[in-house]
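Naming convention: chains lettered A, B, ... in sequence-line order (proteins, then strands); numbering from 1 in each chain.
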2 protein chains.
Amino acid sequence: MHSKFGFLSYEISHIIRQRFNKAAEPTGFTHAQWRALVHLSENQNCRQIDLAEILEIKPITLVKQIDLLEEAGLVRRNKDSEDRRAYRLELLPKAHAVMQQLWEIADAVEAQVLKALAVEEQHTLNALLERIKTDINAKSSSEELLGSMVPP
Amino acid sequence: MHSKFGFLSYEISHIIRQRFNKAAEPTGFTHAQWRALVHLSENQNCRQIDLAEILEIKPITLVKQIDLLEEAGLVRRNKDSEDRRAYRLELLPKAHAVMQQLWEIADAVEAQVLKALAVEEQHTLNALLERIKTDINAKSSSEELLGSMVPP
DNA sequence: TAAATATAATAAGCAAGGGTCATTATATTT
DNA sequence: AAATATAATGACCCTTGCTTATTATATTTA
């Protein structure tokens with residue numbers, strides 16, 4: 001029998017995104033922007049390219065999300081004083097209020113989705129997923145390393 | 001500390017889809033069509049609306065996937081003899097050959113992604129996700145039931 | 001130090017996956 | 001018979017992400 005981890009993880013995360021987007025609709029923010037906000041708050045004043053790497057999306061994909069967050073007054077692009085090509089992303093005060101609201105939605109959606117599991121099982125699940133994620137990241141950076149050692 | 005199950009499951013399934021789509025590119029099928037094929041093979045001769053419900057997508061979204069699978073000669077729409085509005089979806093012989101090839105890709109991608117976990121841990125992970133999925137399905141059908149008992 | 005190369009942000013335009021709303025042809029209920 | 005519900009689908013839109021190319025700087029190399 002084949003494993004269905006791929007389908008399962010996709011289906012569950014799809015449900016989470018759908019429910020989040022629906023519940024967050026009045027705020028005007030989507031799950032993708034929410035993800036950017038959370039990672040930005042954990043890496044304040046980073047450059048766009050850094051945040052893109054953290055989010056594992058291409059810089060051009062992030063540009064549009066930042067545009068939206070900037071229009072909404074949650075984020076400001078500050079010129080990097082040391083590199084005139086780059087911007088530093090600043091999380092504005094308004095962002096914290098919005099994020100509090102979005103965390104409530106995110107937590108509620110997640111609790112609903114995970115309610116079939118005991119708290120201990122939820123920890124196990126998260127720990128297993130964290131290990132998968134860490135391993136993937138480690139592998140891709142060792143590949144990058146390998147790539148840089150074998151120039152074209 | 002907030003749980004990040006939503007982000008984790010999204011990120012991992014996104015990686016799986018990306019890798020699958022890349023590896024399956026020569027076959028001309030995407031992960032969404034692959035998912036439809038697998039669920040159809042487990043529910044042969046069902047109607048489009050049934051398959052859409054199984055896949056948790058809207059019927060109109062499925063229409064396009066079935067169009068592609070039909071063009072590729074993997075699926076045939078047969079008129080339902082009891083309901084002239086409906087089609088029954090038949091998996092053609094060619095589908096089985098293609099699916100064998102796609103299972104190899106899917107299994108390889110999954111093995112790569114899950115390789116940080118011991119086989120036993122992989123089983124635990126799948127079992128936990130299955131329980132989440134089952135619980136969500138059970139809840140949504142009881143909601144439907146409830147809905148039908150309280151007409152608008 | 002001038003020239004080649006790399007990098008940060010971004011514009012233009014595309015793909016995949018999914019959705020809403022409306023339509024047509026049947027079924028089912030009233 | 002008339003009203004309502006349902007299966008498939010057409011027209012068109014959204015979200016998230018991508019590739020390729022451009023501009024303005026930085027950095028490296030010859």
Side-chain angles (χ1 to χ4, degrees), chain A residues 6-7 10-11 13-22 24-25 28-36 45-70 75-89 144 147-148 151-152, chain B residues 7 10-11 13-22 24-25 28-36 45-53 55-70 75-89 144 147-148 151-152:
Chain A
F7 291 157
Y10 172 69
E11 288 159 14
S13 70
H14 185 221
I15 288 167
I16 290 175
R17 295 201 124 208
Q18 274 186 147
R19 292 187 182 178
F20 180 93
N21 284 340
K22 196 166 179 182
E25 222 197 307
F29 301 102
T30 66
H31 193 270
Q33 283 138 247
W34 165 233
R35 195 162 86 91
N45 269 63
C46 67
R47 298 171 308 162
Q48 286 185 209
I49 198 166
D50 300 325
L51 185 56
E53 201 187 336
I54 290 163
L55 294 170
E56 295 176 281
I57 59 179
K58 302 293 164 195
I60 185 63
T61 302
L62 183 60
V63 166
K64 299 162 200 167
Q65 303 291 352
I66 300 296
D67 285 349
L68 294 169
L69 294 174
E70 198 171 35
V75 166
R76 185 164 57 199
R77 284 172 165 104
N78 296 316
K79 289 266 180 202
D80 186 325
S81 54
E82 290 175 10
D83 186 338
R84 296 202 290 172
R85 295 168 305 182
Y87 291 113
R88 296 276 164 182
L89 299 173
E144 272 162 34
S148 69
Chain B
F7 292 157
Y10 172 69
E11 288 160 14
S13 70
H14 185 223
I15 287 168
I16 291 176
R17 296 200 123 203
Q18 274 186 148
R19 292 186 183 179
F20 180 94
N21 284 341
K22 197 168 179 181
E25 222 197 308
F29 300 102
T30 66
H31 192 271
Q33 283 137 247
W34 165 234
R35 195 162 85 92
N45 271 63
C46 68
R47 298 171 307 163
Q48 287 183 208
I49 198 166
D50 300 325
L51 185 55
E53 200 187 337
L55 293 170
E56 295 176 280
I57 59 179
K58 301 293 163 194
I60 185 64
T61 303
L62 183 60
V63 166
K64 302 160 201 170
Q65 303 292 351
I66 300 296
D67 285 350
L68 295 169
L69 293 174
E70 197 170 37
V75 165
R76 186 164 56 201
R77 283 172 165 105
N78 296 315
K79 289 267 181 202
D80 186 325
S81 55
E82 290 178 8
D83 186 338
R84 297 203 291 174
R85 294 168 305 181
Y87 291 114
R88 294 276 164 183
L89 298 173
E144 273 161 33
S148 71

Please state how far atom CD in A:Gln48 lies from atom P in D:dT23, giving the value in whole angstrom units. 19 Å
Could you state the atom-to-atom distance from CG of A:Asn21 to C1' of C:dG17 in whole Å? 14 Å
From CG (B:Leu51) to CZ (B:Arg35), nearest 0.5 Å: 9.0 Å
Whole-Å distance separating the CZ atom of B:Arg35 from the P atom of C:dA16: 17 Å
Mind calculating the distance between CD1 (B:Ile49) and C1' (D:dT9) to the nearest angstrom? 12 Å
One character per nucleotide, please: for nucleotides 19-30 of chain C, 5' to 3', B when the base has a protein heavy atom closer than 4.0 Å, S when only the sugar-phosphate does, - otherwise. BB----BBS---
Would you say a side-chain N or O of B:Thr30 is under 4.0 Å from OP1 or OP2 of C:dG17? yes
Stacked cation flag A:Arg17 on B:Tyr10, 6.0 angstrom / 45 deg: yes
Here the pair of heavy atoms bringing A:Leu69 nearest to A:Ala36 is CD1-CB, 4.4 Å
Distance, rounded to the nearest Å, where B:Leu51 contributes CG and D:dT9 contributes C1': 16 Å
Under 4.0 Å from OP1 or OP2 of D:dT6: is there any side-chain N or O of B:Tyr87 that close? no
Between A:Gln33 and D:dT15, is there a side-chain N or O to OP1/OP2 distance below 4.0 Å? no
Hey, are B:Arg77 and B:Gln48 close enough side-chain-wise for a donor-acceptor pair under 3.5 Å? yes
Identified stems (criterion: three or more consecutive Watson-Crick or G-U pairs, under 3.5 Å), DNA chain C: C:1-30 with D:1-30
Could you state the CG-P distance from A:Leu55 to C:dA9, rounded to the nearest angstrom? 13 Å
Measure the acute angle between the ring planes of A:Phe7 and B:Trp34, then classify it against the limits of 30° and 60° as parallel, tilted or perpendicular. tilted
Are any non-hydrogen side-chain atoms of A:Leu89 and A:Arg47 less than 4.5 angstrom apart? no
Return the value, rounded to whole Å, for the distance between atom CZ of B:Arg17 and atom P of C:dA15. 18 Å
Side chain of B:Tyr10 - closest among C:dA9, D:dT16, C:dG17: D:dT16
d(CH2, B:Trp34; C1', C:dA16) in whole Å: 18 Å
A:Asp50 or B:Ala32, whichever maps to the more 5' nucleotide of DNA chain C: A:Asp50
Side-chain N or O of A:Arg77 less than 4.0 angstrom from OP1 or OP2 on C:dT10? yes
My understanding is that only one of A:Asn78, A:Asn45, A:Asp80 makes a side-chain hydrogen bond (donor to acceptor under 3.5 Å, both in side chains) with A:Arg88; could you say which? A:Asp80
In this structure, CD1 of B:Ile16 is separated from CD of B:Gln18 (nearest 0.5 Å) by 11.0 Å
For A:Gln65 and A:Leu55, what are the C-alpha separation, side-chain angles and deciding distance, and is it a side-chain contact (heavy atoms from CB on, under 4.5 Å)? CA-CA 12 Å; A:Gln65 303 291 352; A:Leu55 294 170; over 6 Å; no
